[in-house]
Amino acid sequence: MTETENMVAGQEERLIFPAFSEDDAWELGQRLVARAHSHNASVVIDIRTQDRMLFHAALSGTAPANDLWARRKSNVVFHFQRSSYAVELEHKRKGVSIGPEIGLDIKDYADHGGSFPVRVKETGVVAAITVSGLASADDHGLIVSVLEEFLPHSEKS
């Protein structure tokens, strides 16, 4: 694994929720919107479970395509149970991508950074937090920076 892959794996290991509720989704979404505004970032912010939307915001400067990207990246989180950035990095290292060779349709999945699993301790992945509109690493970084402040005991690495 590359150094970046190890860093992302470490983030996934330590950014674990003790529990997760609709109120948590709302609070995280509000924090992500505030952080995006503070960086003048035109992004879509999407927090969802596999079967329902918990939070969605399309900030000024985004397009309908950002909503589609958010859905496709969150599908990667649910399928692989990892961040879409981790999947992107692994696929690049291995020379593969979403498509028929791995049995996933590019209309429904995108192995690009910007979706992070909401992993609840002793439960597993229950939701995906997604940002779409920046470069892969920046979408991912926006989420991680907010999670590091939101979650207790999530010391930066």
Side-chain angles (χ1 to χ4, degrees), residues 4-90 98 106-157:
T4 305
E5 284 178 285
N6 285 326
M7 177 196 69
V8 172
Q11 292 166 342
E12 291 178 1
E13 287 176 15
R14 71 185 160 70
L15 295 173
I16 307 274
F17 289 72
F20 188 74
S21 69
E22 290 88 349
D23 290 337
D24 292 326
W26 175 257
E27 178 64 28
L28 278 167
Q30 293 296 308
R31 289 182 186 208
L32 284 162
V33 167
R35 183 69 51 89
H37 280 306
S38 74
H39 289 90
N40 295 315
S42 295
V43 296
V44 161
I45 298 161
D46 183 284
I47 304 173
R48 68 178 66 203
T49 66
Q50 284 191 328
D51 59 358
R52 83 183 243 223
M53 181 74 57
L54 301 176
F55 182 93
H56 188 87
L59 303 186
S60 180
T62 60
N66 295 111
D67 295 313
L68 299 174
W69 275 97
R71 181 186 58 81
R72 292 169 60 219
K73 292 191 285 187
S74 65
N75 285 345
V76 165
V77 166
F78 293 124
H79 182 79
F80 291 96
Q81 302 286 290
R82 300 170 58 208
S83 72
S84 61
Y85 191 43
V87 174
E88 174 187 4
L89 294 168
E90 179 183 357
I98 298 293
I106 61 170
K107 291 184 295 187
D108 295 316
Y109 297 88
D111 53 356
H112 295 271
S115 190
F116 199 89
V118 173
R119 189 178 314 276
V120 174
K121 185 177 180 175
E122 299 180 15
T123 300
V125 175
V126 299
I129 302 168
T130 308
V131 170
S132 176
L134 307 172
S136 287
D138 296 332
D139 281 344
H140 177 85
L142 181 63
I143 297 165
V144 168
S145 67
V146 169
L147 287 177
E148 285 173 334
E149 293 173 359
F150 182 80
L151 290 170
H153 314 298
S154 66
E155 301 168 17
K156 293 182 183 181
S157 60

Distance-only criterion, 3.5 Å: show the donor-acceptor pairs between side-chain atoms of residues 121-135 and protein atoms not counting sequence neighbours.
unit_1 : atom_1 : unit_2 : atom_2 : d
Thr130 : OG1    : Ser115 : OG     : 2.7
Ser132 : OG     : Asn66  : O      : 3.4
Ser132 : OG     : Asn66  : ND2    : 3.4

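Nearest heavy atoms, Gly29 versus Ile47: N-CD1, 3.7 Å. Of all non-hydrogen atoms in Val120 and Ile16, the two that sit nearest each other are C-CG2, 4.1 Å. When all heavy atoms of Val77 and Ser83 are compared, the closest pair comes out as CG2-CA, 4.2 Å. The minimum heavy-atom distance between Leu28 and Phe20, with the atom names listed, is CD1-CE1, 3.9 Å. Closest non-hydrogen pair, Val144 versus Leu15, comes out as CG1-CD1, 4.0 Å. Among all heavy-atom pairs drawn from Thr62 and Ser42, the shortest one is CG2-C, 3.5 Å.
Applying the salt bridge (Lys or Arg N to Asp or Glu O under 4.0 Å) test to residues at least two apart or on different chains, none of the pairs has a partner in residues 57-67. Each ring pair (Phe, Tyr, Trp, His ring centres under 6.0 Å) pair with one or both residues in residues 45-76, not counting sequence neighbours, appears once here: Trp26-Phe55, Trp69-His112. Applying the ring pair (Phe, Tyr, Trp, His ring centres under 6.0 Å) test to pairs two or more places apart or on separate chains, those with a residue in residues 116-140 are Tyr85-His140, Phe116-His140.
Applying the salt bridge (Lys or Arg N to Asp or Glu O under 4.0 Å) rule to Arg48 yields the partners Asp46; only residues at least two apart in sequence or on another chain are considered. Residues passing the salt bridge (Lys or Arg N to Asp or Glu O under 4.0 Å) test with Arg35, sequence neighbours excluded: Glu149. Among residues two or more places apart in sequence or in another chain, the side chain to side chain donor-acceptor pair (under 3.5 Å) test is passed with Asp24 by Ser21. Take Glu5 and apply the side-chain contact (heavy atoms from CB on, under 4.5 Å) test, not counting sequence neighbours, and it matches Met1, Thr2, Leu89, Glu90, Arg93. For Phe80, the ring pair (Phe, Tyr, Trp, His ring centres under 6.0 Å) partners are His91, not counting sequence neighbours. Under the rule for a salt bridge (Lys or Arg N to Asp or Glu O under 4.0 Å), the partners of Asp108 that lie at least two apart in sequence or sit in another chain are Arg71. Not a single salt bridge (Lys or Arg N to Asp or Glu O under 4.0 Å) links Asp111 to another residue, sequence neighbours left out. Residues satisfying the side chain to side chain donor-acceptor pair (under 3.5 Å) test with Ser136, not counting sequence neighbours, are Glu88.
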Derivation of the side-chain contact (heavy atoms from CB on, under 4.5 Å) call for Phe17 and Phe150:
CA-CA 10 Å; Phe17 289 72; Phe150 182 80; 3.9 Å; yes
After noting the C-alpha distance and the side-chain angles of Lys73 and Asp139, does the key distance pass the side-chain contact (heavy atoms from CB on, under 4.5 Å) rule?
CA-CA 11 Å; Lys73 292 191 285 187; Asp139 281 344; 3.0 Å; yes
